[in-house]
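Notes to accompany the following structure.
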Amino acid sequence: MSVSFNIAADLDAALQAAALAAGIDGADVFAPEVRTADPRNGDFQSNGVLGYAKARKLNPRAVAEKLVVALAPGVRDRCDVTIAGPGFINFTLKPATLLAWLRAFDSEDHLRAGAAAAHAGQTWVVDYSSPNTAKQMHVGHLRSAVIGEAICRMLAFTGARVIRDNHLGDWGTQFGKLIYGFKRWADPAALAADPIEELERVYKLGHAATPDDSPELNEARAELVKLQNGDPENFALWKKFSDVSLAAFQQIYDRLGIAFDHCLGESFYNDKLDRVYRELTETVPPIAEVSEGALVVFHLEHPRFKTQPFLIRKGDGASNYGSTDLATALYRAEHFRADGIVVVTDFRQGDHFEQLFLTVKKWFAAKKYRLPELHHVTFGAVTGEDGKALKTRDGGVIKLKALLDEAVDRAFAIVSEKNPELSELERREIARTVGLGAVQYADLSQNRSSNYVFSWEKMLALDGNTAPYLLYAVARIHSIFRKLEIAPSDVSTESIASMLETPAELSLARKLTKFPDGLRLATESLRPHFLSLYLYELAGEFSAFYTADKVAVDELPVRARRLLLCARTLVTLETGLHLLGLRTVTRM
RNA sequence: GGACCUGUAGCUCAAUUGGAUAGAGCACUUGGCUUCGAACCAAGGGGUCGGGGGUUCAAGUCCCUCCAGGUCCGCCA
């Protein structure tokens with residue numbers, strides 16, 4: 001039996017064909033709207049008949065009846081079809097169909113091959129993390145990095161060529177003060193020991209020593225002008241700041257499984273800004289205009305941006321983030337030939353990116369440049385359990401490194417308590433995976449647009465929608481295969497599998513076939529929590545199956561089919577968790 | 001003043017982007033290990049989906065309007 005990756009799409013096409021075959025009025029515009037159903041109603045449901053029948057004053061159940069009769073015979077062979085309620089068409093996959101799907105999609109590679117149609121041939125640039133150089137990454141940098149990486153992996157899995165671009169904040173007025181402070185107070189020993197720490201220290205000194213309207217501030221500005229004019233000494237300093245910062249960032253990225261293809265920061269676009277100014281002012285009518293000395297864009301069609309300007313060059317002629325972000329959009333469209341651009345930042349930059357995208361659309365239209373899809377992926381704040389911004393006990397900023405260390409330490413304590421017989425080395429390794437995974441997963445498992453309450457206790461809990469719960473399911477499945485001395489990937493043991501039969505077997509198998517749906521939802525909406533939710537529900541189905549039906553039974557055909565379910569659950573959980581950026585364990 | 005986000009069980013969050021009886025975890029009550037990892041599973045109680053109007057065969061979801069919290073609005077990003 002041949003079965004396709006996305007069964008819902010298949011059924012949708014089948015119903016469309018049935019509409020044509022039945023010769024119903026307006027069959028060419030009929031949209032079946034097949035989607036996954038509540039399990040109580042079946043595997044998939046078609047909702048399209050209701051709206052269609054209503055618009056033509058027909059009886060929806062009669063229309064549904066016609067369609068079901070006209071369905072190609074193959075559909076009835078693969079699933080039970082019923083009409084329910086006011087005119088829903090329900091499809092319940094037969095056990096043989098479930099088994100056929102599970103046999104077809106038996107590895108991460110086969111799942112990927114099935115999923116790759118969604119973005120095949122497309123190039124997507126994802127801009128995430130994007131910290132400022134010469135500063136520590138802190139807790140506020142976590143969400144962009146974690147969400148951005150998950151989005152990259154999902155896009156790549158669904159067929160896209162993904163370019164990971166770290167848009168560093170490596171240019172701007174703060175470097176005048178930093179150089180000013182560095183030249184006076186930098187301590188070589190401290191710099192060697194912890195460069196970022198030392199840079200932050202001298203920046204603070206530089207900032208404090210250059211109050212507004214002071215002669216010292218003018219000196220700091222002079223350092224900035226020298227840097228911007230290519231002064232060798234200042235440029236060398238700036239380069240050093242960038243290098244040590246990137247090296248420090250990379251230590252964090254390594255722990256989170258992140259590897260950027262490019263780190264094209266703001267400085268990279270310095271020589272690309274004049275073109276932006278020129279092209280935005282040379283159109284007729286011009287897109288940008290001078291207002292109060294600055295170059296700005298108003299969007300007259302917009303209720304707010306008709307009076308709230310988008311600043312693209314400062315009054316003193318200097319660039320700002322509006323300038324560089326415009327140049328960045330052009331570079332990504334021209335140089336990378338991007339079909340889509342995703343920028344992952346917190347929601348407070350919403351106005352900026354709305355204005356940016358409006359401007360880019362007008363600009364590209366005027367110059368006849370190909371316009372990529374533009375997405376600003378926003379997320380809410382990370383707060384403590386009191387609802388306020390997350391701080392250390394003394395009110396300071398929590399460094400990302402310290403936060404990740406604590407996650408691993410806490411996980412180590414839990415693993416050591418639950419599984420003291422494992423070697424310390426193995427417990428350390430497990431703690432890394434579980435601790436970091438818990439932090440990542442806590443961020444990914446909830447809708448990114450709401451604020452996120454940071455709670456060690458909740459993210460490290462073994463119950464509920466957490467990384468430890470999912471990893472526990474993974475570990476238990478590995479444990480079964482270990483005990484039976486079979487490799488999960490060894491498909492040959494499955495050849496004698498008998499037909500799926502028990503309620504728990506069928507329920508788990510049905511959930512497994514919904515992986516395409518969870519992945520599609522998460523990828524289309526750029527919201528990884530849809531994939532998390534699916535994985536959590538899958539792990540739940542597995543735990544119920546594990547309790548209800550023993551795998552290692554004496555009847556070999558029964559054992560084989562249950563092992564098949566275990567192997568597929570394992571592949572799906574591991575694939576899904578890897579897509580979210582987590583590592584997995586074989587025991588914990 | 002304008003705009004955006006959020007508001008769902010006591011608490012933390014979901015709800016396939018308009019579908020059928022709004023679901024999980026925590027907490028509370030009860031049951032299940034001489035059997036593959038009980039870090040688990042099964043069952044129970046718990047709801048004016050912030051309030052009110054509207055659109056629709058169908059609204060937690062869309063529109064309007066209030067209320068509450070958060071955020072942004074010219075030379076930071």
Side-chain angles (χ1 to χ4, degrees), chain A residues 8 33 35-38 40-41 45 47 50-51 53-55 60 84-88 90 130 132 167 169 172-174 266 291-296 302-305 307-316 318 320-322 324-325 345-352 354-355 378 380-381 383 385 387 414-415 417-419 445-447 449-453 455 457-458 461-466 468-469 471-473 475-484 514 517-518 520-522 524-525 527 529-530 532-534 536-537 540 543-548 550-553 562 566 587-588:
Chain A
E33 293 178 36
R35 64 187 61 184
T36 60
D38 185 307
R40 284 173 294 208
N41 298 321
Q45 67 181 61
N47 302 329
L50 290 125
K54 175 65 186 174
F88 298 108
N90 291 336
S130 309
N132 291 326
H167 193 71
T173 46
Q174 72 271 26
E266 291 162 347
S291 165
E292 299 176 23
L295 190 62
V296 306
H302 194 280
R304 188 160 28 106
F305 301 145
T307 53
Q308 179 182 324
F310 180 48
L311 243 81
I312 67 170
R313 190 179 59 202
K314 298 199 276 187
D316 62 3
N320 69 346
Y321 61 103
T324 50
D325 280 355
T345 80
D346 78 86
F347 69 105
R348 288 175 303 193
Q349 296 187 41
D351 270 11
H352 169 72
E354 201 180 336
Q355 289 173 303
T378 62
T383 72
E385 294 183 67
I414 296 172
V415 173
E417 182 205 327
K418 301 279 187 188
N419 245 336
S445 60
Q446 77 173 258
N447 192 330
S449 35
S450 40
N451 285 352
Y452 151 40
V453 179
S455 161
E457 202 176 310
K458 288 204 169 76
L462 294 315
D463 304 307
N465 192 2
T466 66
Y469 179 78
L471 291 171
Y472 176 62
R476 282 214 289 194
I477 299 172
H478 275 293
S479 173
I480 294 169
F481 284 98
R482 254 197 316 271
K483 188 141 282 182
L484 296 176
K514 306 303 186 301
D517 186 54
R520 177 189 58 78
L521 272 171
E524 276 179 2
S525 61
R527 291 182 185 274
H529 81 282
F530 283 115
S532 304
L533 181 64
Y534 168 76
Y536 172 55
E537 289 174 350
S543 292
F545 158 79
Y546 181 89
T547 307
K550 188 172 167 65
V551 175
V553 292
R562 290 182 181 164
C566 289
R587 56 179 115 225
M588 66 184 272

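Predicted model, so just to flag it, every value in this text is computed and none were measured. Within every chain, numbering begins at 1; the chains are lettered A, B, ... in the order of the sequence lines, protein sequences first and strands thereafter.
Computed from coordinates, the A/Arg527 CZ to B/A14 C1' distance equals 13 Å when rounded to whole Å. Going from atom CG of A/Asp346 over to atom P of B/U6 covers 15 Å, rounded to whole Å. One can place CG of A/Asn465 at 17 Å from P of B/G23, the figure rounded to the nearest angstrom. With rounding to whole Å, A/Phe88 atom CZ is found 12 Å from B/U21 atom C1'. Computed from coordinates, the A/Glu457 CD to B/C11 P distance equals 17 Å when rounded to whole Å. As a whole-Å value, the separation of A/Glu385 CD from B/C26 P is 16 Å. Rounded to an integer number of Å, the gap from A/Glu33 CD to B/C57 P is 15 Å. Per the geometry, NZ belonging to A/Lys458 stands 15 Å off C1' belonging to B/A14, to the nearest Å.
One cannot find a donor-acceptor pair under 3.5 Å joining the base of B/A14 and the side-chain atoms of A/Gln446. Below the 3.5 angstrom threshold, one finds a donor paired with an acceptor across the side chain of A/Asn90 and the base of B/A20. The base of B/A20 lies close enough to the side chain of A/Asn41 for a donor and an acceptor atom to sit less than 3.5 Å apart.
Applying the salt bridge (charged side-chain N to carboxylate O under 4.0 Å, His left out) rule to A/Arg304 yields the partners A/Asp351; only residues at least two apart in sequence or on another chain are considered. By the side-chain hydrogen bond (donor to acceptor under 3.5 Å, both in side chains) test, A/Gln349 is found to be paired with no residue, residues two or more places apart in sequence or in another chain being considered. Every residue two or more places apart in sequence or in another chain that forms a salt bridge (charged side-chain N to carboxylate O under 4.0 Å, His left out) with A/Asp38 is listed here: A/Arg40. Applying the side-chain hydrogen bond (donor to acceptor under 3.5 Å, both in side chains) test to A/Asn447 and every residue at least two apart in sequence or in another chain returns A/Ser449, A/Arg527. Considering only residues two or more places apart in sequence or on other chains, A/Gln174 meets the side-chain hydrogen bond (donor to acceptor under 3.5 Å, both in side chains) condition with none of them. Checked against salt bridge (charged side-chain N to carboxylate O under 4.0 Å, His left out), A/Arg520 has the following partners two or more places apart in sequence or in another chain: A/Asp517, A/Glu524. Partners of A/Phe88 under the ring pair (Phe, Tyr, Trp, His ring centres under 6.0 Å) rule, at least two apart in sequence or in another chain, do not exist in this structure.
Taking atom P in both B/G31 and B/C36, one finds a spacing of 23 Å when rounded to whole Å. The C1' atoms of B/A24 and B/U35 are separated by 30 Å, rounded to the nearest whole Å. Nucleotides B/U61 and B/A38, compared at atom P, are 43 Å apart to the nearest Å. Annotation: B/U48 and B/G7 have their C1' atoms spaced 15 Å apart (nearest Å). Taking atom C1' in both B/U21 and B/C63, one finds a spacing of 27 Å when rounded to whole Å. B/G23 and B/A39 have their C1' atoms separated by 24 Å, with the value rounded to a whole Å. Only the C1' atoms considered, B/U65 is 37 Å distant from B/C75, to the nearest whole Å. Separation of the C1' atoms belonging to B/C64 and B/G44 is 42 Å when rounded to the nearest angstrom.
Classified by interplanar angle (parallel below 30°, tilted 30° to 60°, perpendicular above 60°), the ring pair A/Tyr321/A/His352 is tilted.
A glycosidic torsion no more than 90° from 0 defines the syn conformation; B/G32 lies beyond that range and is anti.
Closest of all the heavy-atom pairs between A/Cys566 and A/Val551 is SG-CG2, 3.8 Å. The two residues A/Lys514 and A/Tyr534 come nearest to each other via the heavy atoms C-CE1, 3.7 Å.
Pair assignment for B/U48: none, as no Watson-Crick or G-U wobble contacts are both less than 3.5 Å. Of the nucleotides present, none pairs with B/A77 by Watson-Crick or G-U wobble criteria with both distances under 3.5 Å. Nucleotide B/A24 has B/U12 as its partner under the Watson-Crick or G-U criteria, with both atom distances under 3.5 Å. Base-pair partner of B/A39: not found among the strands shown (Watson-Crick or G-U wobble, both distances under 3.5 Å). Under the Watson-Crick and G-U wobble criteria, each requiring two contacts below 3.5 Å, nucleotide B/A58 is left unpaired. Shown here, B/A68 forms a base pair with B/U6; the pair counts as Watson-Crick or G-U wobble because both key distances fall under 3.5 Å.
Summary of the strand contacts: A/Thr36 and A/Lys54 both lie near RNA chain B, and taking for each the nucleotide with the nearest heavy atom, the more 5' one is attributed to A/Thr36.
For B/A15, one of the phosphate oxygens OP1 or OP2 lies less than 4.0 angstrom from a side-chain nitrogen or oxygen of A/His529.
Using a 4.0 Å heavy-atom cutoff across all strands shown, A/Glu537 reaches no nucleic acid atom at all. Nucleic acid contact class of A/Ser525 (heavy atoms, under 4.0 Å, all strands): base.
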Scoring nucleotides 29-40 of chain B by protein non-hydrogen atoms under 4.0 Å (B base, S sugar-phosphate only, - none) yields ------SBBSBS

Going 5' to 3' along nucleotides 65-77 of chain B, which nucleotides have protein heavy atoms under 4.0 Å from the base (write B), which only from the sugar-phosphate (write S), and which from neither (write -)? ------SBSBBSB

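Ring-centre distance between A/Phe305 and A/Phe310: not below the 6.0 Å cut-off.
Residue A/His302 forms a side chain to side chain donor-acceptor pair (under 3.5 Å) with just one option from A/Gln308, A/Glu354, A/Gln355, and that option is A/Glu354.
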